[in-house]
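One structure is given below, encoded as structure tokens.
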Amino acid sequence: DGDLSDWAGVPTVTIPDTSVVAWDTTMTFAAAADDTNLYLMADVLDDTIITGQHDINYWNEDSVEFYINAAGDLELSSYVNGVAQITIPPINIGKTAEEFIFSGEQVETSGAQAIVVETEGGYAVEIAVPLRNEVWDIAPTHGNVIGFQAHLNGASEADRNLKAIWSAADMGDNSYQNPSVFGQLIFYEIG
């Protein structure tokens with residue numbers, strides 16, 4: 001629903017790392033799961049939202065990217081069934097589920113549903129990704145590991161001039177073609 005108060009108490013990560021350099025655009029993200037879905041949240045601080053100016057090339061403007069490797073092989077060097085890049089541009093602010101625009105590699109296989117809302121400081125994204133679909137069966141059990149990656153694309157005038165990448169294994173912006181550079185998402189049962 002775009003209400004980030006649901007995420008209170010869930011550990012978050014911010015990229016780029018603001019303790020190193022003061023950035024005008026940042027993304028704070030988190031992940032959680034229940035028995036049905038993997039939930040992802042991104043809270044983007046961005047004074048100037050650039051969207052809808054590059055046709056389907058949303059990576060060249062403001063957007064959030066989440067990557068999932070649920071194929072069972074974390075060393076994959078190319079996309080196969082069970083690996084998806086889910087790109088969400090802020091052009092989706094105010095759009096219904098039927099109007100929603102996703103982009104990315106194999107995004108259509110993910111079954112993701114999302115919402116984007118405008119916030120006081122930028123925009124926020126919430127995504128629900130089914131744990132079970134036609135191409136993967138993710139067990140939300142304690143200790144289970146899947147490949148995971150998060151990216152932030154930022155544009156201050158026209159074309160992207162910021163690319164923040166969570167996984168330190170992806171030093172060359174290669175996640176869109178090489179899942180082996182994803183990080184790992186480890187399921188942890190609370191309690």
Side-chain angles (χ1 to χ4, degrees), residues 10-32 38-51 53-90 102-107 109-110 112 114 122-125 127 129 135-136 138 143-188:
V10 176
T12 61
V13 175
T14 299
I15 59 173
D17 184 350
T18 55
S19 68
V20 178
V21 176
W23 297 93
D24 293 333
T25 303
T26 62
M27 176 176 77
T28 299
F29 70 92
L38 172 63
Y39 300 98
L40 304 169
M41 176 276 291
D43 186 10
V44 179
L45 296 180
D46 189 349
D47 290 339
T48 307
I49 297 174
I50 306 295
T51 191
Q53 296 184 15
H54 294 85
D55 195 25
I56 63 169
N57 297 320
Y58 297 107
W59 55 268
N60 199 27
E61 56 193 40
D62 292 319
S63 61
V64 169
E65 300 175 14
F66 286 111
Y67 298 76
I68 296 172
N69 176 357
D73 181 356
L74 299 180
E75 300 301 318
L76 287 171
S77 60
S78 62
Y79 277 63
V80 298
N81 282 339
V83 181
Q85 171 196 25
I86 306 167
T87 302
I88 299 105
F102 286 104
S103 184
E105 296 295 321
Q106 302 195 150
V107 65
T109 67
S110 71
Y123 64 99
V125 175
I127 305 170
V129 180
V135 296
W136 63 49
I138 302 170
N144 189 26
V145 178
I146 62 172
F148 178 77
Q149 176 67 289
H151 286 194
L152 170 65
N153 298 305
S156 56
E157 291 183 17
D159 296 338
R160 178 179 70 189
N161 60 352
L162 169 69
K163 179 70 175 198
I165 300 172
W166 170 69
S167 171
D170 186 358
M171 300 301 289
D173 187 16
N174 291 311
S175 291
Y176 72 97
Q177 59 188 1
N178 182 357
S180 72
V181 297
F182 295 3
Q184 296 181 357
L185 183 68
I186 303 170
F187 288 82
Y188 186 88

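Computed from a predicted structure; not experimentally measured.
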Identify the heavy atoms of [X] and [Y] that sit nearest to each other, and give their distance.
X: T51; Y: P89; value: OG1-CB, 4.1 Å
X: A164; Y: I15; value: O-CD1, 3.6 Å
X: A112; Y: I86; value: CB-CD1, 4.2 Å

Polar contact flag, side-chain donor to acceptor under 3.5 angstrom, [X]-[Y]:
X: T28; Y: T14; value: yes
X: E75; Y: S180; value: no
X: Q85; Y: E65; value: yes

query: Which residue, L152, D47, L45, N161, forms the side-chain contact (heavy atoms from CB on, under 4.5 Å) with T25?
result: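 Among L152, D47, L45, N161, the one that satisfies the side-chain contact (heavy atoms from CB on, under 4.5 Å) with T25 is L152.
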task: Please answer whether the main-chain N or O of T87 pairs with a side-chain N or O of S63 as donor and acceptor at a distance below 3.5 Å.
output: no
query: Would you say N57's side chain and W59's backbone share a donor-acceptor pair under 3.5 angstrom?
result: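 The answer is no, because no donor-acceptor pair under 3.5 Å joins these two groups.
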- prompt: Can you check side chain to side chain donor-acceptor pair (under 3.5 Å) on D170 and S175, steps first, answer last?
  reply: CA-CA 7 Å; D170 186 358; S175 291; 2.5 Å; yes
task: Just jot down the salt bridge (Lys or Arg N to Asp or Glu O under 4.0 Å) partners of D17, sequence neighbours excluded, or say none.
output: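 Here no residue qualifies.
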- prompt: Taking atom CD of E61 and atom OG of S156, what is their separation to the nearest 0.5 Å?
  reply: 13.0 Å
- request: Hey, could you give me the OH/CG distance between Y188 and N144, rounded to the nearest 0.5 Å?
  value: 15.5 Å
message: Measuring centre to centre across the rings, with the benzene-like ring taken for any Trp, is H151 within less than 6.0 Å of F66?
response: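 Centroid distance H151-F66: not below 6.0 Å, so no.
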Ring centre gap for F148 and F182 strictly below 6.0 Å: no
message: Please identify which of these residues, D62, N153, N60, meets the side-chain hydrogen bond (donor to acceptor under 3.5 Å, both in side chains) condition with R160.
response: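 Running side-chain hydrogen bond (donor to acceptor under 3.5 Å, both in side chains) over D62, N153, N60 with R160 returns exactly one hit, N153.
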